[in-house]
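Reading through the structure tokens given below for one structure.
Numbered from 1 within each chain, the chains take letters A, B, ... in sequence-line order. Please read these numbers as outputs of a predicted model, since none were measured by experiment.
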2 protein chains.
Amino acid sequence: MVQIVTDPILKVPETAHAIEQKRRILEAASRVFRRQGLHATGMRDIAAELDMHAGNLYYYFRNKHDLLAFCQEEALTGLLEAAEEILASDAPTGERLGRLIVVHVERVNEQTPGSLAHLEVEALEEPWRRAIQERRDAYERVYRLLIERGVEEGCFQTNDPRVAAMAILGALNWTVKWYRPGGRKDASEIGREFAELLVAGLTARAKSRDGSH
Amino acid sequence: MVQIVTDPILKVPETAHAIEQKRRILEAASRVFRRQGLHATGMRDIAAELDMHAGNLYYYFRNKHDLLAFCQEEALTGLLEAAEEILASDAPTGERLGRLIVVHVERVNEQTPGSLAHLEVEALEEPWRRAIQERRDAYERVYRLLIERGVEEGCFQTNDPRVAAMAILGALNWTVKWYRPGGRKDASEIGREFAELLVAGLTARAKSRDGSH
DNA sequence: TCACAATTTGAACGATGGTTCAAATCGTGA
DNA sequence: TCACGATTTGAACCATCGTTCAAATTGTGA
């Protein structure tokens, strides 16, 4: 994982135990953030989730922002890797966008750490915020570039690919506000229905524009 | 404005000055909430925005939750009124949905108090939370019912009107995270482009389903 | 001008939560 | 078994923030 802060690196011996503890702390933090909400979660809550004391968290993380940024970093890394994989495939553009949508909804709703990716970057202070914001921007660009490519190919039609990308990402990100595992539909189904709606919104007008249907 | 808390009503003489002060406080609170973020805004910040002291806020509002709920209540009232007006019109269903979308984006981004409507209801405690959640649910139902009506009429096609409604509302609500007044496009333009994309996503497959085009 | 209600002030209080760190405990290799 | 590094504890500290309220100030009607 790329070091994302510019302060002197916190010196923790990279023992197997330390690596495992950091992973456990990040996972616990994500669960509690998701369950209680970001702002209602304190360091004591995260520590309690692991039957440890808050002081211990500071052995592995510089401060709360450091911990939160690691959570978001990991989530964004997962999304970016998934995005690269999908972009590298030779599927049609519309199908690629659809798969991006499904993967996004799945990852932010069904996997920890996941739900915090770029959702509340404003809860971070500098320099963590900038680091995460850049990763987030890179992820948004994936959507915009894919939409632009679709417009070039003639299979999408939109006046402003960036606005379309933001609309799509908004729909996807807002799912963490209302979707709960264990309901009538799982995140994959939600993702697929979102993909149908949102991709159709782009392709429909391309079809009616070029008259071929 | 309907009294939304069940605690004994805070006794403030309804003088012209008091009414004007509450309005000014709500407007200032919305501005600061919007500028700094809900959780980074304290009572002292809101008071400072009006060159007054935090203690004074407690003359007009029971507590911070009361103030926040008033903000959200006002925003939701505006949205619900606009929704009722649009539903009462005799425009085609797709056009009505489009107008709802535009009005929503405009209201949450260009008007104070606006941006806080149902965005962070989880920041409220009971009984304020329940009151706002009910209003919010009523507003979501407007979208779902309109989509269901469109499906019945054959101009929309979707497997799950509720999921479609949530996708649309997610796209709309997320605009407060990234849209800033003064950019290349105003909120109305953003709203119109959203409407094109999202309504097209519903109508497109209805067209391809019934084969008439 | 005065009495009184309305309104504002601003210091203080209590709770919360991030953070620190000396001491204690644990784990490991010799 | 022991020394030493790794890790954890947990109380304390400090800052912040919501809230209170006695006192002061302002506004208004008689």
Next on the checklist: Taking the ring of A:Tyr139 and the ring of A:His104, is the distance between their centroids below 6.0 Å?
Outcome noted: yes
Taking only N/O atoms, report every protein-nucleotides 25-27 of chain C pair under 3.5 Å with atom names and distance.
none

Checklist entry - Do you know the tightest heavy-atom contact between A:Thr158 and A:Val151? => result CG2-CG2, 3.9 Å
Checklist entry - To the nearest angstrom, how far is A:Tyr60 atom OH from C:dG18 atom P? => result 19 Å
Item to check | Interatomic distance, A:Ile46 CD1 vs C:dT19 C1' [rounded to whole Å] | outcome: 14 Å
Checklist entry - Parallel, tilted or perpendicular: which fits the ring planes of B:Trp174 and A:Trp174, with parallel below 30° and perpendicular above 60°? => result perpendicular
Item to check | Residue A:Arg130 excluded, over 12 heavy atoms near CZ under 6.0 Å | outcome: no
Checklist entry - So what does A:Gly55 hit on the nucleic acid, given a heavy-atom distance under 4.0 Å: a base, only sugar-phosphate, or nothing? => result base
Checklist outcome for this item: Closest non-hydrogen contact found for A:Leu198 with A:Ala171 is CD1-CB, 4.2 Å
Next on the checklist: Please enumerate all residues that pass side-chain contact (heavy atoms from CB on, under 4.5 Å) together with A:Glu85, with sequence neighbours excluded.
Outcome noted: none
Checklist entry - How long is the line joining CD1 of B:Ile25 and C1' of C:dT8, in whole Å? => result 11 Å
Checklist outcome for this item: Between NZ of B:Lys64 and C1' of C:dG14 the distance, given in whole Å, is 17 Å
Item to check | First of A:Asn56 and B:Thr15 reached from the 5' end of DNA chain C, by closest nucleotide | outcome: B:Thr15
Next on the checklist: With hydrogens left out and only the distance checked, is there a donor-acceptor pair under 3.5 Å joining A:Arg44's side chain and the base of C:dT19?
Outcome noted: yes
Next on the checklist: If I take atom OH in residue A:Tyr58 and atom P in nucleotide C:dG17, what distance separates them, rounded to the nearest angstrom?
Outcome noted: 12 Å
Checklist entry - Which nucleotide of DNA chain D is the first, and which the last, in the 5' to 3' direction, to come under 4.0 Å of a heavy atom belonging to chain A? => result D:dA6 to D:dA12
Item to check | Distance-only side-chain donor-acceptor flag, A:Arg34 / A:Asn109, under 3.5 Å | outcome: yes
Checklist entry - Any chance CZ of B:Arg184 has more than 12 other-residue heavy atoms, nucleotides or ligands included, within less than 6.0 Å? => result no
Item to check | Phosphate contact (C:dT20 OP1 or OP2) by A:Tyr59 side-chain N/O below 4.0 Å | outcome: no
Item to check | Value in whole Å for how far the C1' atom of C:dT19 lies from CG of A:Asp45 | outcome: 15 Å
Checklist outcome for this item: Rounded to the nearest 0.5 angstrom, the CZ-CD distance for B:Arg99 and B:Glu106 is 11.5 Å
